[in-house]
Amino acid sequence: MELGPEQWRELARAILATRSEEISCDQWLERVGAYLELVLQGRPIPDALRPVGEHSASCPECAEEFEALLRAVRGPE
Amino acid sequence: MGDLVERAWLEELRADGPDAAAAQADLREVLRRGLHRALRGRAGVDEATIEDLTQEALLRVLDRLDSFRGESRFTTWAMAIAVRLAFTELRHARWRDVSLEVLTGGGGAGPPEPVDPMPGPEQQSQRQAVLGMLRRVVDRDLTDRQRTAIVAELKGMPQVEIARQLDISRNALYKLGHDARTKLKRGLLAAGITEEEVRVAFDA
């Protein structure tokens, strides 16, 4: 069992993005709605919501869900 | 949708009266359209799948109505729940027959591979040094469970499936991964490798 070059790169990115305090995926879900609306409105992100973006940097699944949520909310079909 | 309209809609959803059915139908349509957009182009997702996911999402949102705090639009909050449910279901369906043990194979992370060919023997040597140290830290500092979780996720197994096979919650798995990443970061810094060196070595 070995890791390929892209997997090592992904691990390196995840390590670089790691912070001492991070929110969990469930905590991200609770706050992502407010965060997303600010992004869509082009408004600055307050400190209280910065962990949402930081979590996406180290959680590929939540990052994927964020992109999907953007498509879902933006519309039209 | 204005605040007043949204508040009225929420009240109808919460109440069990004659307007509840219409309110639920409206919500269902919002979720269905949103999931259509969210899952567009995703392999293996047809109309029937979207209908099933929409129905499950509707029930999940109705079940959690009391936890809506008004920090975003209700439809945004509901859509986030629907997207989380949909992706969790789809990931689980794709990976449920894959064995975690077979995927990760036990033991260490294997010998490091060169990330990309790079000009210059000095740069190659620098890369190999960082790669080699990262591999040592993975093998030395992580517990078996942490290594399994990290490697499985790197190999594409979704968190919901890793958590299920490790018999822990998704949140516990995230903490396991966070602790592992923190150890790796500390291990590299303790070995004198800077973040910049990691960034350059992996083009990260």
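Here the structure is a predicted model, which is why all the values come from computation and not from measurement. Residue numbering restarts at 1 for every chain, and letters A, B, ... go by the order of the sequence lines.
The minimum heavy-atom distance between B/Ala80 and A/Val32, with the atom names listed, is CB-CG1, 3.9 Å. Residue B/Gly34 comes nearest to A/Ala72 through the heavy atom pair O-CB, 3.3 Å, listed as atom of the first residue, atom of the second, then distance. Between B/Arg64 and A/Leu29 the shortest heavy-atom distance is NH1-CD2, 4.2 Å. Residues B/Ala38 and A/Ala68 approach most closely at CB-O, 3.5 Å, considering heavy atoms. Closest heavy-atom contact between A/Ser24 and B/Tyr174: CA-CD2, 4.0 Å.
Proximity to chain B is limited to the side chain of A/Glu37, based on heavy atoms less than 4.5 angstrom apart. Proximity to chain A involves both the backbone and the side chain of B/Arg84, based on heavy atoms less than 4.5 angstrom apart. The parts of A/Leu69 that come within reach of chain B are both its backbone and its side chain, each placing non-hydrogen atoms under 4.5 angstrom from that chain. Proximity to chain B is absent for every atom of A/Leu49, based on heavy atoms less than 4.5 angstrom apart. Heavy atoms closer than 4.5 Å to chain A are found in the side chain of B/Ile150, but not in its backbone.
Between B/His178 atom NE2 and A/Ser20 atom OG the span is 6.5 Å, to the nearest 0.5 Å. Within the model, atoms CG of A/Leu11 and CG of B/Leu154 stand 5.5 Å from one another, a figure rounded to the nearest 0.5 Å. Distance check: B/Leu188 CG to A/Leu16 CG gives 9.0 Å after rounding to the nearest 0.5 Å. Rounded to the nearest 0.5 angstrom, B/Arg135 CZ and A/Leu3 CG are separated by 10.0 Å. Here B/Leu131 contributes atom CG and A/Trp8 contributes atom CH2; the two are 7.0 Å apart, rounded to the nearest 0.5 Å.
Side-chain contact between A/Arg71 and B/His36 is absent, with no heavy-atom pair separated by less than 4.5 Å. By the 4.5 Å heavy-atom criterion applied to side chains, A/Glu64 and B/Phe87 are counted as neighbours. Considering only heavy atoms from C-beta on, B/Trp77 stays 4.5 Å or farther from A/Glu30 through its side chain. Side-chain atoms of A/Pro60 and B/Glu153, non-hydrogen and from C-beta on, do get closer than 4.5 Å to each other. A heavy-atom distance below 4.5 Å is not found between the side chains of A/Ile15 and B/Thr182.
Most heavy-atom pairs under 4.5 Å with chain A: of the set B/Asn171, B/Leu39, B/Leu35, this distinction falls to B/Asn171.
Dense packing is recorded around CZ of B/Arg140, with more than 12 heavy atoms of other residues, nucleotides or ligands lying under 6.0 Å away. For CD of A/Gln41, the number of neighbouring non-hydrogen atoms (other residues, nucleotides, ligands) closer than 6.0 Å is greater than 12. Around CZ of B/Arg28, the count of heavy atoms belonging to other residues, nucleotides or ligands within 6.0 Å exceeds 12. Counting non-hydrogen atoms of neighbouring residues, nucleotides and ligands closer than 6.0 angstrom, the CZ atom of B/Arg14 exceeds 12 such neighbours. Applying the 6.0 Å contact sphere to CG of B/Asp167 captures no more than 12 heavy atoms from other residues, nucleotides or ligands. Annotation: B/Arg164, atom CZ; neighbour count of heavy atoms from other residues, nucleotides and ligands within 6.0 Å is above 12.
Put simply, the side chain of A/Glu61 gets close to the backbone of B/Gln159: a donor and an acceptor are under 3.5 Å apart.
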